[in-house]
Structures are given as C-alpha cells and as structure tokens.
Student: 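My questions all concern the structure below.
A, B, ... follow the sequence lines: proteins, then strands. Residue 1 opens every chain.
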Protein chains: 2
Amino acid sequence: MKKNVTYSISDLAKHFDVTTRTIRFYEDQGLLSPERKNTVRIYNDRDRVRLQLILRGKRLGFSLAEIKETLKLYDSTPDKKIQLEYVLNVINTHRKELLEKQKDIKRTLADMKKVEQKIIKRLETLNNKQRSHS
Amino acid sequence: MKKNVTYSISDLAKHFDVTTRTIRFYEDQGLLSPERKNTVRIYNDRDRVRLQLILRGKRLGFSLAEIKETLKLYDSTPDKKIQLEYVLNVINTHRKELLEKQKDIKRTLADMKKVEQKIIKRLETLNNKQRSHS
DNA sequence: CTAGACATTGACGTTAACGTTAAGGGTAGT
DNA sequence: ACTACCCTTAACGTTAACGTCAATGTCTAG
C-alpha cells in the first residue's frame, strides 16, 4: 500500500528546516525535479526522500555536485554487466570514504573524552580545596 | 621524551596534501600561530597536531569558524568552576553533533548496501541468462 | 657570491551555496 | 471584488575558503 501523499515546497521547507530558496536551488542544480501544477511545484514521497538524502549528504560534508552524482548513479538501473560492475566499484569507493569519516568521528570523540577527563579532574581538585577550607 | 622536531610550511603541506596557501589562510583566520625565524614560519609538533585537527574537522563538514572555537575552547584551561562546567556543556553538545553524524553515516551505509544487493541480484540473473543460452 | 629553490606579503579572482529583493501570478475565504 | 497568503521567476548580493598572480626576501649548495 503506497501512500500517494504530496507536499508543497513550504511543507518540505518547514519539515526539514531549510528555506524554500534552498529547495529551489537544489532543483536548479538538477538534484530535484518535482511535478508541476501549472507553475507550482508539487512534491511526492520520492522527492521527499531525495531531499532527505541531499541534506544528509550535506551534513556529512559532501558537495551538491558529489551528492548529485551519487543520486544519479544509485537511481540508474543499467542492464549491461560492465555498467553494473562499475556501479559496484563506485559504491565501494563511497563506502571507503564513509568508513574514513567514521574513523575521523571516533578519533574526535576519543580526543574529546580526554579533554573531558582533564576538566573533570580539575573540577574534583577544586572541590577538594573547597572542602579543606570549610 | 619529547621530540622537538620542526617543519617548514611546505613540509606540512606535502604531508597533509594541502597547499601552503591553505596553511597560511588558516593562520590568517587565527587557527594557527607558528613561530617565526625572521619572517619564515616554523612549525612544531603542537602546530602539526593542530593542523591535523583542523583538517579532520573539515572532512567532517565543520566550518573553520566552528573549528576555531572548539580549538580555542579545548586549549583553554580555566580555573573557575563555572567556566569548567561550561566547557563540559559545550563538549556534550559537540558529542551529540558527532553522534548524529555517526547515525547519518550508518544510515547511508545501510542505504548503500540495499542498492548494492539490488545490483548484485541483477548481475546474477544476467549470468543465469548467459548460462542458459550457452 | 651567486644561482636556484623556497619563503614572504599583498591583492585581486573564483566557486559553491545559498540570501535578498523585486515584480508579479494563483487561489481561498469574506 | 478584495484581501491575505502562498507561489513563481529573475537577478543581483554575500560569505567562506581558498586559487592565483606579482613583487620581493632569504637561505643553501656549489
């Protein structure tokens, strides 16, 4: 059972906390292509998911150009062996990039923890001095 | 035992695969402040680590302004309780952001896997057709 | 001491990703 | 019919993060 829901541009803008300008810009760059009723844009669930993917990509530091390429690739359904294997290759490259970012995050979290421990120790010594003076 | 090594700007540029312009720009923005021998910049290990942190932050999609603030914060060693607790708060905010990004990565990896499976299946059916025609 | 390699400081140029304003079309309620 | 509100395109503006010269200084090997 498919929900055949539609959204206005401001619906999506509010939901994802971006401006309508941003959404129109993504369309301008070829990342979205909603239907039109006259001139008015009408987004369906597929469009919504696309926008979600775009914003997710942005949060991870990818450029719109990169995101566009991956969307194009993942949407494509080639029928020849070479093309299919090419897609698999690109997917593996992307996976490696993401795993690198994951490592970066873990490293950063580890560094943060060290700083945190330092500060907590400082707070403890501060509290001890406080107590010894009371 | 501390290594008291120093690096030229092009040493660092080569090692981290960025241009010297980039490194100078970071200094201009207050993210680095190496020593000088006359006018020539001389970087030590602490500077090197800083640059590494900057680039790591960039890869994760943070702006130089954000990176600057976190570096400033983590370098600071306040002595008052309120300040220390404030730092802990900011650290926790940063941690949440990073955990969000981690989720984004996992979601993306999961989506990628689905696409991959689809393609692999297509490849298998292709191979089967191939075999049945031989 | 001199060439060649690397360093410096401006300063203007470029690109991505929108922001902002202008000028107006479509429609739903009163 | 009028108002309010949302939509549209078009076009110029802005900011971050460097790139790209140009003109000049410095240092190291021969």
Student: Using atom CG of Asn38(B) as one end and atom P of dT28(D) as the other, report the distance to the nearest whole Å.
Tutor: 12 Å
Student: Would one find a side-chain N or O of Ser8(A) under 4.0 angstrom from OP1 or OP2 of dC6(D)?
Tutor: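 So the side-chain polar atoms of Ser8(A) never come under 4.0 Å of the phosphate oxygens OP1 or OP2 of dC6(D).
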Student: Mind calculating the distance between CZ (Arg24(B)) and C1' (dT8(C)) to the nearest angstrom?
Tutor: 7 Å
Student: Starting at atom CD of Glu66(B), determine the distance to atom C1' of dT15(D), rounded to an integer number of angstrom.
Tutor: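 So the CD-C1' distance, Glu66(B) to dT15(D), works out to 14 Å.
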Student: Taking only N and O in the side chain of Ser10(B), is any of them less than 4.0 Å away from OP1 or OP2 of dA7(C)?
Tutor: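 Yes, Ser10(B) has a side-chain N/O under 4.0 Å of OP1/OP2 on dA7(C).
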Student: Which letter, B, S or -, goes with each nucleotide of nucleotides 16-21 of chain C from 5' to 3', with contact meaning a protein heavy atom under 4.0 Å?
Tutor: -BBBB-
Student: Looking at Asn92(B) and Asn89(B), would you say the former's side chain and the latter's main chain have a donor-acceptor pair under 3.5 Å?
Tutor: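 No, the answer is negative, given that no donor and acceptor are paired below the 3.5 Å cut-off.
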Student: Side-chain heavy atoms under 4.5 angstrom apart, residues restricted to Ile, Leu, Val, Met, Phe, Trp, Tyr: same cluster for Ile42(A) and Phe16(A)?
Tutor: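 Looking at the clustering, Phe16(A) is in a separate group from Ile42(A).
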Student: NA contact type, Thr20(B), heavy-atom cut-off 4.0 Å: base, sugar-phosphate, or nothing?
Tutor: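 No contact at all - Thr20(B) keeps every heavy atom at 4.0 Å or more from the nucleic acid.
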Student: Do Tyr7(A) and Val40(A) sit in one hydrophobic cluster, given that two such residues count as connected whenever their side-chain heavy atoms are within less than 4.5 Å of each other, even indirectly?
Tutor: no
Student: Salt bridge or not for Lys101(B) and Asp104(B), using N-O below 4.0 Å?
Tutor: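 No, no charged N to carboxylate O under 4.0 Å.
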Student: Return no unless some side-chain N or O of Arg41(A) is found under 4.0 Å from OP1 or OP2 of dG26(C).
Tutor: no
Student: Rounded to whole Å, please give me the gap between CZ in Arg36(B) and P in dT26(D).
Tutor: 13 Å
Student: Report the distance from atom CD1 of Ile9(B) to atom P of dA7(C), rounded to the nearest whole Å.
Tutor: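 Between P of dA7(C) and CD1 of Ile9(B): 7 Å.
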Student: To the nearest angstrom, how far is Ile42(B) atom CD1 from dT26(D) atom P?
Tutor: 14 Å
Student: Any sub-3.5 Å donor-acceptor pair from Arg48(B)'s side-chain atoms to Leu12(B)'s backbone N or O?
Tutor: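 No; zero donor-acceptor contacts below 3.5 Å.
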Student: Write down the distance between CD (Glu27(B)) and P (dA7(C)), rounded to a whole number of angstrom.
Tutor: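 Checked: the CD to P distance equals 14 Å.
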Student: Taking only Lys NZ, Arg NE, NH1 and NH2, and the carboxylate oxygens of Asp or Glu, determine whether Glu124(B) and Lys121(B) approach each other closer than 4.0 Å.
Tutor: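 So Glu124(B) does not pair with Lys121(B) through a salt bridge.
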Student: Please report the distance, rounded to the nearest Å, between CG in Asp28(B) and C1' in dA11(C).
Tutor: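 These atoms are roughly 12 Å apart.
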Student: I'd like to know if Arg59(B) and Glu100(A) make a salt bridge, using a cut-off of under 4.0 Å between side-chain N and carboxylate O.
Tutor: no
